[in-house]
Amino acid sequence: VCLNMDVDPRDVIRNILLNYKEVQLFSEILQNSDDSGASEQVFSIDRRENTLVCYNNGLVTEADWGSLTRIFDSNKSADVHKTGKFGMGFKSVFHFTNTPLVISGTECKLFDPAATLDCERRTTTRYFSADFRTLEEGGGGGGCEQEVLRQQLRRVEGLHGFSLAQPFAGTLIMLPFRSRVAEAEVELDLVRDVAADPTAQSTVFCSCDKVVEWMHSFLQHPAGDTDSEAQRALLFLRHITTVRFQEVTAPQPGGQAAASAMQCHELVCCRRTEEILEHAAATSCAHLIRDFVDAEMKKVTDEDFQKLASKQRKQVTHQMLRNPNLCFGVVCRTAVVIESDAQEEANKQTFLRVALLDNTETQPFLELTKGHTLPYASVAVRWPLQETVGRVSVTLPLPRSVGCGLPVHVDATFSVSSSRRQLDNGSEDQAEHWNRVLQRGPLSIAYAELVRHATAASSGDQSDAAGGGACALTHQLWPQSRLEDWADLTDPVLLQLAKRNVPVFFGATLQDALYPDFNMNDETRAALEATLAEHFALRVAPTTKQQLENIERALDGMHQLHVCSPELLRCKLQEYLATHPQFPALSLDQGLLLLRYVLMDNPDAAALCGLPLLPVLDGDGFSFTTMKKVAARDDAVLSVHDDHLRQLLQPQLEARLFLHPALDTGARDRLESLGEAVGVCQVDKDVVEMAFLCMHTHPDRTWCTQRDPVFEEWMVYLAQHAGEYRFAWLPTAAGLLLSEGDAPLLFAGVPAAAAA
C-alpha cells in the first residue's frame with residue numbers, strides 16, 4: 001500500500017527541525033515506547049549499516065499509527081497517561097535521518113518525506129506501508145514500493161528476533177544516518193535551513209560515533225546537575241523499566257554463519273526497580289484506586305493488563321468527576337542502576353518518590369476537559385537524603401535549559417508548548433491557569449508528602465543538622481523562595497505541612513518549631529543556637545530568612561510562630577529551671593552570650609529574676625550567680641567599669657562579689673540601671689571610701705613607717721579623684737596629711753604622682 005500525505009511534509013519537517021534545536025534523541029524514542037506500554041527499550045548502534053535501531057517490547061496501536069502519518073496530529077492529547085501530547089516527538093528524528101522505518105506487529109511503515117529513495121512514484125509518495133509478511137522473497141509482487149520496503153527491511157532482519165516470516169512481538173525503528181556523502185539536491189533542500197547553522201551540523205549529519213557520544217551524554221550528569229538525563233527519564237516513565245545500549249558489528253572471521261551475520265555487544269544497561277512504601281486513599285473507591293496504582297507502579301505491561309488499566313482509568317476518572325475531594329497516591333523508593341562495560345562497578349542512584357492524583361483544586365477544570373486531563377503530580381529526591389538539583393518532567397525530562405529552581409525533581413501533567421521544550425505559561429490563559437492549579441493542588445500535596453516521608457525516614461540523623469545532616473537537608477527540600485514559575489507552589493506546600501502536623505524540625509511541626517531571630521549577625525546567632533542545643537535541648541529550626549517569611553505568609557496568622565526572641569528565650573530558660581534540679585555548667589563565653597541576648601530588649605527586673613546568668617569573679621576564675629532583688633546594697637554584686645579600681649577594691653572587700661570584667665559595657669549599663677532589683681550595685685564614692693578605710697585598718701599594714709605598693713596605688717588613685725571624696729588633703733614635709741573628721745592620718749612615703 002502506498003499512502004500520501006495531505007501537505008508537503010518537507011516544509012513542515014523543516015519547521016520541526018528548527019523548533020527542536022536541542023535534540024533529545026533517546027528521550028523522544030523513549031516517549032513513544034512508554035506510550036505503547038513497553039517495559040524495555042534497546043538502542044542498537046549498527047555499524048554494519050550505519051544506522052540506529054530502536055527496539056521496544058510494546059506494540060504500536062492503530063490510533064498511534066495514524067498519528068505517525070499525520071504531521072501535527074496526535075490522538076495522545078486526549079490521554080494524560082501518554083507523553084507525546086502533540087505527536088511531534090517522533091518527527092524530530094529527521095534531524096539526522098531521511099528515511100525512518102517503523103515495524104510493529106505485522107505492519108511496517110517507511111517514511112520518505114524528501115523522496116530520496118529510488119522509486120518511480122517519488123513525486124507523490126511520502127511514505128510506504130505494508131504487511132511485511134507479504135514481502136518475503138517472491139511474495140507481494142515486484143512493485144516499486146514493495147521492493148523499496150523489502151530492501152530496507154533486510155537491513156534489520158535478525159535484529160531482536162525480527163523476521164519477515166512472522167509477526168514481530170514488539171516495535172523496531174530503524175534510523176539510517178544522513179551523511180555528508182549523500183548530498184542529493186532534494187536532501188539538502190530538506191535540511192538546508194538547519195545545515196546552514198554550523199552548530200546544528202552535528203545533528204544534521206550523523207554517524208555511529210556521534211550516537212555513542214550522545215549515549216555518554218545521556219548517561220552522565222553534566223556540571224551543575226546531580227542526575228543524568230537517563231536517571232531522570234527512568235525515574236518518571238510510566239512503563240519502561242529497562243533501557244539498553246548495544247553495538248552491532250559484522251562477525252569476526254571464522255564466526256557465525258552468514259544467516260546471522262552480526263555480533264551484538266552490550267555497552268550499557270539501565271534498570272529501574274521500585275519498592276512501594278505506602279498507599280494513600282481517602283475515598284469509598286479506595287480498593288479500585290489501590291489496584292490501579294499497584295498496577296501502574298509495578299509496570300505490568302501485558303495485553304490483559306492494558307485492557308484492565310484502561311477500564312480502571314475510566315472508572316477513576318468517573319469517580320474524580322463525581323467526587324470533589326478525591327485524593328490518592330503512592331510513596332515508593334525508586335532505584336536506577338546503570339551498568340556499563342567500561343566500569344567495574346554499577347552506578348546506582350535511589351530516589352524517594354511520591355506520586356499523586358488529586359482533584360481538590362482542579363474539579364472545575366476536570367469538568368471542563370471531561371476528564372481527559374487528570375490532575376497528576378509526582379515529586380522525587382535523591383535518597384538517602386542529599387542535595388538534588390531539580391528538573392521538570394512531563395513524564396520525560398524537559399530540556400536542561402528549562403531550569404526548575406526547586407530542590408526536587410517534579411513531574412506533572414503540565415500543559416507544555418507545542419515543541420515540548422517548555423511549560424506553557426502564557427500562550428493560552430486556560431493552559432497557564434491549569435499549570436498553576438496543578439501547583440496549588442496535587443503538586444503541593446505530593447511535595448508535602450515527600451517532605452513528611454523524608455523527615456520521618458531521616459529522623460534518626462536529626463542531631464547532625466549543624467554538620468549538614470538529615471535535618472538540615474530536610475528543610476532544604478522546601479521551595480526556597482517564590483520563584484516566578486512556582487509562585488503558586490511555595491505557600492500551599494508549607495500550608496499542607498502545617499495541616500498534616502509534619503514534624504519537620506527535630507520533632508517539631510511548623511507551628512511549634514523554634515525559629516531563629518534574624519535581628520543579630522550570623523556569627524552571634526549561630527553561637528547562640530549552638531549553646532541552646534548543647535545545654536538546654538532547645539533546637540532552633542535551621543531556616544533562612546526567606547524561608548521564615550514564606551512560612552509566616554503561608555500560615556497567614558493561623559498560628560503564632562515561635563521566634564527565638566529575647567522574651568521567648570527568658571521564658572524557655574525559666575521553664576528549664578522549673579523542670580531541672582540545676583542549671584547547666586556554661587562556659588564564660590556562653591553565659592555572657594545568653595545574658596547579652598536576654599537583655600537585648602531592655603526587659604524589666606521581674607523578667608530577669610531567677611536566671612543564674614550574672615557572671616562574677618570567683619578567685620582566679622568565674623561563676624554565675626542568680627539575678628534577684630536584694631534588701632541592702634551590701635548584698636549586691638558590685639559593678640565597676642574601671643578595671644584598675646576593681647583591682648584596688650577587690651582585696652579590701654573580700655566579702656563582696658564583683659561583675660566579671662569581660663561583660664560588655666552595654667549589658668553592664670543595663671544591669672546597673674536595674675540596680676538592686678536584680679542584685680547589682682554600681683561602685684560609687686561610698687564604696688571606694690569604705691574600701692580605703694578597710695585597707696587602713698587592716699591588721700597586716702603599718703602605715704607611715706614604710707613604703708607599700710598597694711598604698712602607693714591608692715594614693716595615686718585618690719589624688720586623681722580627690723574632689724569626689726570627703727577626705728581633706730594637706731601636704732606636709734613628711735608626706736600627705738589626710739583627715740577624716742577629727743582623726744587626722746599622716747602617711748609617709750607618698751609617691752610623687754600623689755604628692756603632686
Side-chain angles (χ1 to χ4, degrees), residues 1-5 9 12-13 16 25-38 40-46 49 51-76 82-84 86-117 119 125-135 140 145-146 148-164 166-178 206 211 240:
V1 177
C2 175
L3 300 177
N4 299 320
M5 293 184 177
V12 179
I13 289 176
I16 292 174
L25 167 64
F26 305 119
S27 292
E28 302 295 357
I29 299 300
L30 283 170
Q31 161 192 313
N32 289 279
S33 301
D34 194 65
D35 289 344
S36 70
E40 181 181 25
Q41 174 73 57
V42 182
F43 295 101
S44 299
I45 303 169
D46 192 342
E49 300 286 345
T51 64
L52 175 66
V53 180
C54 310
Y55 160 80
N56 71 71
N57 60 351
L59 294 173
V60 178
T61 65
E62 183 177 350
D64 286 336
W65 274 125
S67 293
L68 286 174
T69 59
R70 292 188 295 275
I71 304 290
F72 293 126
D73 182 19
S74 174
N75 72 305
K76 298 177 184 179
K82 292 196 172 183
T83 309
F86 298 95
M88 293 177 56
F90 173 74
K91 276 83 173 183
S92 67
V93 302
F94 287 104
H95 261 291
F96 37 82
T97 188
N98 289 333
T99 55
L101 171 68
V102 182
I103 304 166
S104 186
T106 60
E107 291 292 314
C108 66
K109 280 184 171 56
L110 175 63
F111 297 83
D112 185 21
T116 59
L117 295 174
C119 182
T125 301
R126 299 310 183 193
Y127 66 85
F128 309 97
S129 178
D131 181 335
F132 59 77
R133 292 175 298 179
T134 65
L135 299 177
E145 301 86 6
Q146 285 80 7
V148 168
L149 277 173
R150 189 180 294 116
Q151 291 175 359
Q152 297 301 314
L153 289 168
R154 285 172 181 159
R155 301 176 73 178
V156 295
E157 193 163 18
L159 268 177
H160 304 288
F162 172 69
S163 169
L164 289 171
Q166 58 187 13
F168 183 60
T171 298
L172 278 181
I173 301 176
M174 181 184 72
L175 306 175
F177 298 134
R178 181 188 297 116
C206 195
V211 174
I240 290 181

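The analysis underlying the following values was restricted to heavy atoms, covering all of them including side chains, and did not include hydrogens, waters or symmetry mates.
Of all heavy-atom pairs spanning I103 and C108, the tightest one is CG1-CB, 4.1 Å. Closest approach of L159 and L172 over heavy atoms only: O-CD1, 4.1 Å. The heavy-atom pair separating P167 from R133 by the smallest distance is CG-NH1, 4.0 Å. Closest approach of A130 and L149 over heavy atoms only: CB-CD1, 3.6 Å.
Inter-residue side-chain proximity for V93 and E28 is flagged as unmet; no heavy-atom pair is nearer than 4.5 Å. Looking at heavy atoms from C-beta onward, I240 lies out of side-chain contact with N56 at the 4.5 angstrom threshold. Contact check for D64 versus S36: no side-chain heavy atoms found under the 4.5 Å cut-off. Between P100 and F94 there is a side-chain heavy-atom pair separated by less than 4.5 Å. Here the side chains of F96 and V211 are not in contact, with every heavy-atom distance at 4.5 Å or above.
Qualifying side-chain contact (heavy atoms from CB on, under 4.5 Å) partners for E107, counting only residues two or more places apart in sequence or in other chains: W65, K109, S129, D131. Every residue two or more places apart in sequence or in another chain that forms a ring-ring contact (aromatic ring centres under 6.0 Å, His included) with Y55 is listed here: H160, F168. With sequence neighbours excluded, the residues satisfying side chain to side chain donor-acceptor pair (under 3.5 Å) with T171 are S104. Among residues two or more places apart in sequence or in another chain, the side chain to side chain donor-acceptor pair (under 3.5 Å) test is passed with Q151 by E147.
Atom CZ of F132 and atom OG1 of T106 lie 6.0 Å apart (nearest 0.5 Å). Separation of atoms CG (D34) and CD1 (I29) is listed at 13.0 Å; rounding is to 0.5 Å. The CZ atom of R154 lies 11.0 Å from the CD atom of Q152; values are rounded to the nearest 0.5 Å. Taking CZ of R150 as the start and CG of L110 as the end, the distance is 13.0 Å to the nearest 0.5 Å. Between R178 atom CZ and N98 atom CG the span is 4.0 Å, to the nearest 0.5 Å.
Paired with M174 under the rule side chain to side chain contact (heavy atoms under 4.5 Å, CB included), one option of L52, T97, L101 passes, and it is L101.
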